[in-house]
Amino acid sequence: MRASQFHLFTLKEAPSDAEVVSQKLMLRAGMIRKVAAGIYNYMPMGLRSIRKVEAIIRDELDRAGAMEIVMPIVQPAELWQETGRWDKMGAEMLRFKDRHDRDFAMQPTSEEVVTDIARQELKSYRQLPKNFYQIQTKFRDERRPRFGVMRGREFVMKDAYSFDRDMDAAGRSYDNMYATYCRIFDRIGLEYRAVAADTGAIGGDRSHEFQVIAETGEDAIVYCPDSDYAANIELAEALALQAARGEARIALEKTPTPGKATCADVADLLQVGLDTTVKSLVLASDESDDKGEIVKTTVWLLLVRGDHSLNEVKAGKIEGLGSDFRFATEAEIIEHFGCKPGYLGPIGLRKPVRIVADRSVANMSDFICGANEEDFHYTGVNWGRDLPEPDFVADIRNVVEGDPSPDGKGVLAIQRGIEVGHVFYLGNKYSKAMNASFLDIDGKPKHFEMGCYGIGVTRIVGAAIEQNHDERGIIWPAAIAPFEVVICGVGWGKSELVRDEATRLYETLKSAGIDVILDDRDERPGVMFADWELIGIPHRITIGDRGLKEGMVEYQTRRDGEQHKLAPADIAAHVIARLRA
RNA sequence: CGGGGAAUAGCUCAGCCUGGUAGAGCACUGCGUUCGGGACGCAGGGGCCGGAGGUUCGAAUCCUCUUUCCCCGACCA
């Protein structure tokens, strides 16, 4: 490709609404153009990277025995109604009607359609296992699309679905996909971590997220540097920080804390550590009848240490509370505690509530909590002496850096990550709901055991930039760079020698299968260098009269800026060796 | 969904308070000079100032409505 013929456009300034670095750089490098909120054109430069990501995914999935299909972007409501997700999905799913007033949706994912394929196509256990995947545009009407391709509404995703005859086989399919994902991300060349993730209603331990490590990541991932333990923060288990409860040493006392409504303020006022305070969170769970009318509301008091934070996923697993809990209203709080938020605690309740203590809180002694009276906290609080033991003790907090690892092999560390892949065992949730079955060896129908496996193609491109950039622009991993090599011809318009030498090298690299672009724009060198550094091409060869007079061309890498002067005759072999290394 | 903010040239922004024929830088076109790290000069092209209504002799500017976009929030009392 010649730069003079390519649609190359760069911006010195990013549009003011761009927030994160990948979005700014992709816009500035001319990779994407915004069309609407969370919706982008993929311009030639950007599409090249996207296609390279897709090619690696295709290659590895095909090698792993999966088969590519394409399912429609526009999907009929009927299939979604079979699984009940037409009603459950909420506003995230974009819905519309066709001219006959029939309901359709833009696919946010394709479990229903692929299960429909399976029940029509797969009749016998002899046809199993099967794994179908597609690389397809998805649409999720996010509440707040942002961060460019990192959280767009329209995006490209690879979604694969496996069908197996039993759980064991499904486990093998899962392991196969897990290993395949590792190969894919290794090849793309990103620093990533596979972490255990919450399995939600399905249960089991087969759910892993593939997270690209980047400071700007939206997810917190927890790992143990001394072992294999790695989990999403939603899942990471928090152990009690003290093995056993200490003895009560000081008396219960109601202490004035005027205007100090947060644990931090109270700890400050009383000159004690935040870890001696207990934070009170009030939740409510509603029970409704068949008509959806709320018939009963239970109020819950959750206690975590002042320096800890509530983990809502864990809270949702408390028996009786359920994942559809909500935060209590102020009226409910006053009704049960006789006090406004800010001074709440488990002592002196006006009406009974269910009390859940975090493991660490359950082992605390002489702690501080709200007195259920405005401007007062209790100090010297002890379980058993000053109040009954909690109704439940559970892990309900987020782990923090330095917590003991659940596998007992050291302490936990936390990194930020960008979720670019997810492998998930689905069980027969969808096959049952849609009555998708096959005849097993015993001649009896069985529901498919399914798994689903996603990779955010466009998000990978953004994540790669978040992880690899500097003040000049993008630094692509070679595997997904729009071009592997750029040849800059300095003084293109006036030097025939430069043109000849550059063109000869260009042809040589091209015929060696290198993805090379020749900058023949007759631009000033500064402009060329700045453009290609912004775009992030990993290898640059500069050919100019000045060097040629000395019998040299210049070779430079984008990542470390390391420069070599080489004879024109040697340059091709040198670059090819570097690329194939 | 709640609260803020913004909308003027392809991009970044000024002009609005105090109404009077729309500006700058970058980008683009032409000519010339320059030419190994985002050159310079001269000459150009490009915007009915998001849309609708109102006030006024006159509206980018004041008022009302509307659309779109952005930010914060929608758990940690």
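Here is how names work: the chains are called A, B, and so on, in the same order as the sequence lines, proteins then strands, and each is numbered from 1. We use all heavy atoms of the structure for the numbers below, so side chains are in, but hydrogens, waters and symmetry mates are not.
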### Query
Counting only distance, no hydrogens or angles, is the base of B/rG37 paired donor-acceptor with the side chain of A/R540 under 3.5 Å?
yes

### Task
Mind checking A/I333 for me? I need base, sugar-phosphate or nothing, with any heavy atom below 4.0 Å counting as a touch.
base

### Task
Give one of base, sugar-phosphate or nothing for A/G491, where a contact means two heavy atoms less than 4.0 Å apart.
nothing

### Task
Kindly assign one of parallel, tilted or perpendicular to the pair A/F6 and A/F483, based on the angle between their ring planes and the thresholds 30° and 60°.
perpendicular

### Task
Tell me what A/K24 touches on the nucleic acid: a base, only sugar-phosphate, or nothing, going by heavy atoms under 4.0 Å.
nothing

### Task
Could you check whether A/A36 gets within reach of a base, just the sugar-phosphate, or nothing at all, counting any heavy atom under 4.0 Å?
nothing

### Query
What is the base-pairing partner of B/rG73, counting Watson-Crick and G-U wobble geometry with both distances under 3.5 Å?
B/rC1

### Message
Under 4.0 Å, counting only non-hydrogen atoms across every strand here, what does A/E523 touch: a base, just sugar-phosphate, or nothing?
### Response
nothing

### Message
Under 4.0 Å, counting only non-hydrogen atoms across every strand here, what does A/P341 touch: a base, just sugar-phosphate, or nothing?
### Response
base

### Query
Checking all strands, does A/V304 fall into the base, sugar-phosphate, or nothing category for heavy-atom contacts under 4.0 angstrom?
nothing

### Message
Using OP1 and OP2 only, check whether a side-chain N or O of A/R524 sits under 4.0 Å from B/rA39.
### Response
yes

### Query
With a 3.5 Å cut-off and just heavy-atom distances, do the side chain of A/D545 and the base of B/rG36 make a donor-acceptor pair?
no

### Task
Mind checking A/S309 for me? I need base, sugar-phosphate or nothing, with any heavy atom below 4.0 Å counting as a touch.
base

### Query
Can a donor-acceptor pair under 3.5 Å be found between the side-chain atoms of A/E554 and the base atoms of B/rG36?
yes

### Query
What nucleic acid atoms does A/T542 come within less than 4.0 Å of, heavy atoms only: base, sugar-phosphate, or nothing?
base

### Task
Tell me what A/G547 touches on the nucleic acid: a base, only sugar-phosphate, or nothing, going by heavy atoms under 4.0 Å.
base

### Task
Taking only the side-chain nitrogens and oxygens of A/K12, find out if one of them lies under 4.0 Å from OP1 or OP2 of B/rA27.
yes

### Task
Using a heavy-atom cut-off of under 4.0 Å over every strand shown, decide if A/R472 touches base, sugar-phosphate, or nothing.
base

### Query
Touch check for A/Q556, heavy atoms < 4.0 angstrom, all strands: base, sugar-phosphate only, or nothing?
base

